[in-house]
Structure formats: structure tokens, C-alpha cells
Amino acid sequence: MARIDVTGLTAHGCRDLLAGGDASAVELTRAYLDRIAAVDGSVQAYLTVDEEGALSAAAAVDAKPRRERLPWEGVPIALKDILCVKGMETTCASRILKGYVPPYDATVIAKLRAAGLVFLGKLNMDEFAMGSSTENSAFQTTRNPWDLDRVPGGSSGGSAACVAAAEAPWALGSDTGGSIRQPASLCGVVGLKPTYGAVSRYGLVAFASSLDQIGPLTHDVRDAAALLDLIAGRDPRDSTSTGLRGPAGVPARAGLEGLRFGVIKEYLGDACEQGVLEVFESAVKTVGALGGVCDEVSLPSVERGVAAYYLIAPSEASSNLARYDGVRYGYRHAPSEDLYDMYVRTRSEGFGAEVKRRIMIGTYALSAGYYDAYYAQAQRTRTLIIQDFTAAFQRFDYLISPTSPTVAFKLGERIADPLAMYLSDLCTIPVNLAALPAVSIPAGFAAGLPVGLQIIGPHFSEPGMLDAAYALERRLKVDTVAPLAAGPGVSSAEGER
Ligand code: GLN
């Protein structure tokens with residue numbers, strides 16, 4: 001068996017290796033475990049690596065005759081630590097859940113398990129998915145594989161960094177205001193937030209339930225479509241889930257003829273830094289070169305998206321996070337004087353600063369006397385944003401914008417300034433407020449750092465949206481393997497025969 005070079009290997013590539021008999025599932029899994037051992041000391045994407053579980057799942061695949069295997073059986077994947085995996089510690093990067101081992105699988109995990117995927121481990125994130133840099137993790141600081149002094153974005157920073165560093169062929173993340181797309185943009189990989197309802201959230205630890213969605217982070221659009229099809233579907237355990245209207249299938253579109261793209265005006269000008277705008281403008285030209293028609297469109301209410309989001313999301317979080325009281329699971333302060341003392345100390349010690357800030361904002365915004373001025377007003381703004389998108393989709397098939405207003409920033413640069421951090425999601429938040437699908441694809445580089453392009457579609461337009469993204473990806477030809485990952489292939493002791 002030749003050494004398996006996992007750098008640049010897509011999930012489709014893994015599937016081909018397995019199908020062609022060029023690698024066993026154990027060899028493939030071992031190659032990723034070796035890669036993790038080689039680079040995760042510097043990237044720090046993983047909170048948990050389940051070497052034993054992964055190798056035994058892979059061995060079970062190898063024990064089956066190849067013709068009896070399902071298409072993705074034996075392909076490894078890594079998971080944001082916000083997804084409940086039976087028997088695997090799930091912390092949401094919070095001290096309050098340290099040591100929590102779920103007794104059940106999230107629906108997406110059960111689906112991947114049934115499809116035969118191999119779980120490599122759990123990935124770092126901002127605590128309870130609150131943040132845009134992964135610096136709010138209680139446990140470690142994940143670094144951007146393109147520049148180890150910079151953040152990977154967040155909150156799915158572990159997922160994006162892990163894919164960019166070839167520590168897994170693909171990964172799952174979650175997106176409440178941009179947490180899949182923004183880190184995908186900063187780490188130069190593909191990140192897809194599906195339509196609200198496309199994917200069940202059962203077993204996804206809740207942050208803001210009217211906004212949360214699970215989605216893929218991958219090297220390319222075809223992998224994103226395949227992973228979406230593996231996880232999407234209606235689930236009686238999540239009453240908001242509807243599934244997709246049809247499979248995303250295999251994107252194959254060559255050109256963009258006949259498609260109209262609206263360029264969101266509010267994100268041009270001062271909203272984004274110069275290097276990002278230059279890459280974006282060149283991507284707009286590429287859309288034109290492929291036969292797509294681009295025109296500017298104004299969505300005036302999106303400028304109020306961040307303000308509305310930072311009332312709605314904390315309000316929902318303040319309610320969702322009330323369950324962490326030290327009584328049933330997770331961290332508990334002990335000994336305590338009485339029940340009240342136990343609650344206070346458990347929550348004071350268990351939650352980090354950003355989570356506490358959100359709980360306080362949310363509790364305030366929902367309190368009697370302030371509800372109308374804050375929460376209800378934010379909901380009215382949300383309606384205006386939805387109306388702006390509805391109007392835009394009368395004229396355009398898809399809307400495009402930069403994914404993030406800046407490239408990856410330096411570690412520590414924004415951590416003391418919550419408002420600067422919140423603005424990282426300027427271009428992504430309105431999409432969640434309107435429950436729309438959007439994908440970020442690598443569009444180029446500014447000063448050596450990745451820049452993502454965001455494509456937003458109407459509800460349940462994933463198949464067409466990914467088809468368009470695929471055509472663009474093929475033309476843009478952006479490298480998705482970080483220089484860190486560009487070294488020689490990782491050899492596997494068991495792979496050498
Ligand atoms: N960065 C945003 C926040 O801090 C979005 C997070 C997310 O999508 N989970 O809330």
C-alpha cells in the first residue's frame with residue numbers, strides 16, 4: 001500500500017480511493033489520524049480525537065465485501081463539538097458541559113452513522129457558538145492554517161481550520177449568524193448554510209432556535225452537496241424540519257447563462273476592506289464571463305441586521321441556556337450552601353464572559369417594560385429584512401456579496417471589542433434572519449489570505465445555488481489547501497506494505 005497523501009484529498013477523493021481498492025478504510029482513517037498527530041499541535045482544531053472509535057468503525061467497514069457497502073461507507077468526517085454523539089464527550093467548548101457524554105446521537109449523526117461514515121472526533125468552537133474567532137472556547141485557541149497568528153473565524157473555527165489543514169476531508173458545523181460561512185471564508189474552504197428547516201437540529205445544542213442550522217464545511221462544492229444530501233430531511237424530532245424539496249445531487253453546471261445575480265449594494269463601499277472588495281469585484285467579472293448577468297440591488301434593511309440579530313439571538317439564548325443549572329448534567333459547583341447558591345456558583349463558574357454577556361442582554365431585552373422597545377422592535381426589523389430579500393428575488397435568481405468584510409484578523413485583535421467582533425457577520429446575519437440558504441466559496445486571496453464569496457438563494461434553492469457555485473468554483477480555481485498542508489504526504493505506518 002502506497003502512502004496516502006491526505007493533503008488536498010476531498011471526500012469524493014476518499015470515496016474513490018476506497019471504491020477502487022487503493023486504500024482500506026483503516027488505512028485512510030490512519031492517514032488522517034497521522035495528519036492530525038502531525039499538525040494539530042499547531043492548528044489545535046480538535047477538542048477530542050477518537051482514535052479507537054474511528055479505527056474500529058473503519059475496521060468494521062473493511063470487514064464488509066466492497067459491493068455490499070454504501071457509497072460513503074468508510075469515509076472519515078470530523079464534527080463540531082456542538083453535535084451530540086452517543087458516547088463521545090460533547091462540550092460546546094464550555095466548562096459547564098465539560099465531561100458531558102450524550103446518551104444519544106443527534107439526527108445528523110445518526111444519519112451519518114447509518115451511511116457508514118467514520119467519526120474522527122470533535123472540533124473546537126466558540127463557547128455555545130457565540131463568537132466569530134473561536135477565541136471564546138474555554139479550552140484552546142484554534143489557529144488559521146494559512147497564518148498561525150490569525151484566527152480561523154468562528155464559531156465553527158475548528159471545523160474550517162480542520163478542513164483547510166487536511167485534518168479531515170470534510171466537517172460539520174452550525175450557523176446561527178454566519179458560523180459556517182465566515183470561518184469557511186477566512187480559512188479558504190467551502191461552507192454551506194442550508195435553508196432553515198432543511199436539516200434537523202435534534203441533538204444540536206441550541207443557541208438561537210429560530211436561526212440555527214447545521215451544514216457542511218468542505219474542500220469543494222460537490223462535497224458540500226453530497227454532505228447536505230446525507231444530513232437533510234424531515235425529522236419528527238424537530239418540528240421545524242421540512243427537509244429539502246429535492247436532492248442537491250451532483251452539481252455539474254458549466255456556465256451561468258440565463259441566471260441573474262444581484263450584487264448587494266450595501267456591502268460595497270466602506271462596509272468591506274479594500275482587498276476583499278478587489279477579490280469580490282473580480283469574482284463578479286467571472287460571473288459575467290460565465291454568462292451570468294450581474295446588477296446592483298439595494299436591500300436597505302440589511303444594514304440593521306446586526307442590531308436586530310444581537311437582540312433576537314441573545315434573547316433566544318437566554319432562554320435556551322437556562323437549562324444549564326448544575327442539576328441534571330454538566331458542571332456543578334459543590335459543595336454549596338443551598339440550591340440557589342449552587343445555581344449561582346455553577347453558572348458563574350461554568351459560563352465564559354461572552355456567554356454571560358449574551359444571557360444578560362437577552363434577559364434584559366425580554367423583560368417586562370423593555371420587550372416592546374427591544375425584542376419586538378428587532379422582530380419588526382427582521383420582517384423588513386425578509387421583505388427586502390423577497391423583493392430582490394423577484395428580480396434575481398441569486399444574490400452575491402463578500403462573505404466576510406475582512407480577511408482573517410490577528411489573534412487577540414478583536415477579543416476586547418465585542419462590537420468589532422459582531423461586525424464580522426455583517427454580510428451573513430441577514431441570511432439567517434430571513435431563513436435563506438447561502439454558500440461561501442473561496443474566491444481568491446488578499447495579501448495571501450483567503451477571501452470568500454457568498455451566494456444567497458431563495459428558500460430551498462440549494463440544488464440550483466450549488467450548481468451555480470460549482471460553475472464559479474471551476475472557473476475561479478482557488479487553491480483550498482493551506483500552505484501548512486502543502487508538505488509531503490503523511491505516511492502511515494500501517495499504510496506501508
Ligand atoms: N458570530 C455570530 C455570533 O457570535 C454568529 C455565531 C453563529 O453563527 N453561531 O453570534
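Note that ligands are numbered from 1 as they come in the structure, with each ligand's atoms numbered from 1 the same way.
At least one N/O-N/O distance between R358 and ligand 1 falls below 3.5 Å. For ligand 1, the polar-atom distance check finds no N/O of G154 at less than 3.5 Å from any of the ligand's N/O atoms.
Using a distance-only test at 3.5 Å, with no hydrogens or angles considered, a donor-acceptor pair links the side chain of E273 to the main chain of V407.
With F409 as the aromatic partner, R414 meets the cation-pi criteria of under 6.0 angstrom to the ring centre and within 45 degrees of the ring axis.
For an aromatic pair to be called close, the ring centres must be under 6.0 Å apart, and Y310 with Y422 satisfies this. Aromatic ring centres of W72 and H12 lie closer together than 6.0 Å.
Interface of A129 with ligand 1, defined as ligand atoms under 4.0 Å from a residue heavy atom, comprises 6 (C), 7 (C), 9 (N). Close approach of ligand 1 to Y309 (heavy-atom distance below 4.0 Å) involves ligand atoms 2 (C), 3 (C), 5 (C), 6 (C), 10 (O). Counting the atoms of ligand 1 from 1 in the order shown, those under 4.0 Å from a heavy atom of M130 are 4 (O). Taking every non-hydrogen atom of S155 and a distance limit under 4.0 Å, the qualifying atoms of ligand 1 come out as 9 (N).
Counting only non-hydrogen atoms, the option in Y422, Y310, F128, F207 that gets closest to atom 3 (C) of ligand 1 is Y310.
In this structure, the side chains of Y46 and K122 stay at 4.5 Å or more apart for every pair of heavy atoms. Taking the side chain as every heavy atom from C-beta outward, L384 and R380 never approach each other to under 4.5 Å. Residues R95 and E349 fail the side-chain proximity criterion, which asks for heavy atoms closer than 4.5 Å. At least one side-chain heavy atom of S404 sits under 4.5 Å from a side-chain heavy atom of L186.
Heavy atoms of Q213 found under 4.0 angstrom from ligand 1: none, in either backbone or side chain. The side chain of D425, and not its backbone, has at least one atom closer than 4.0 Å to an atom of ligand 1 (non-hydrogen atoms only; side chain from C-beta on).
Residue contacts with ligand 1 leave out M421, since none of its heavy atoms falls under 4.0 Å from the ligand. Residue contacts with ligand 1: G178 is included, with a non-hydrogen atom under 4.0 Å away.
The single protein non-hydrogen atom nearest to atom 9 (N) of ligand 1 is S179 OG, 2.7 Å, given as residue, atom name and distance.
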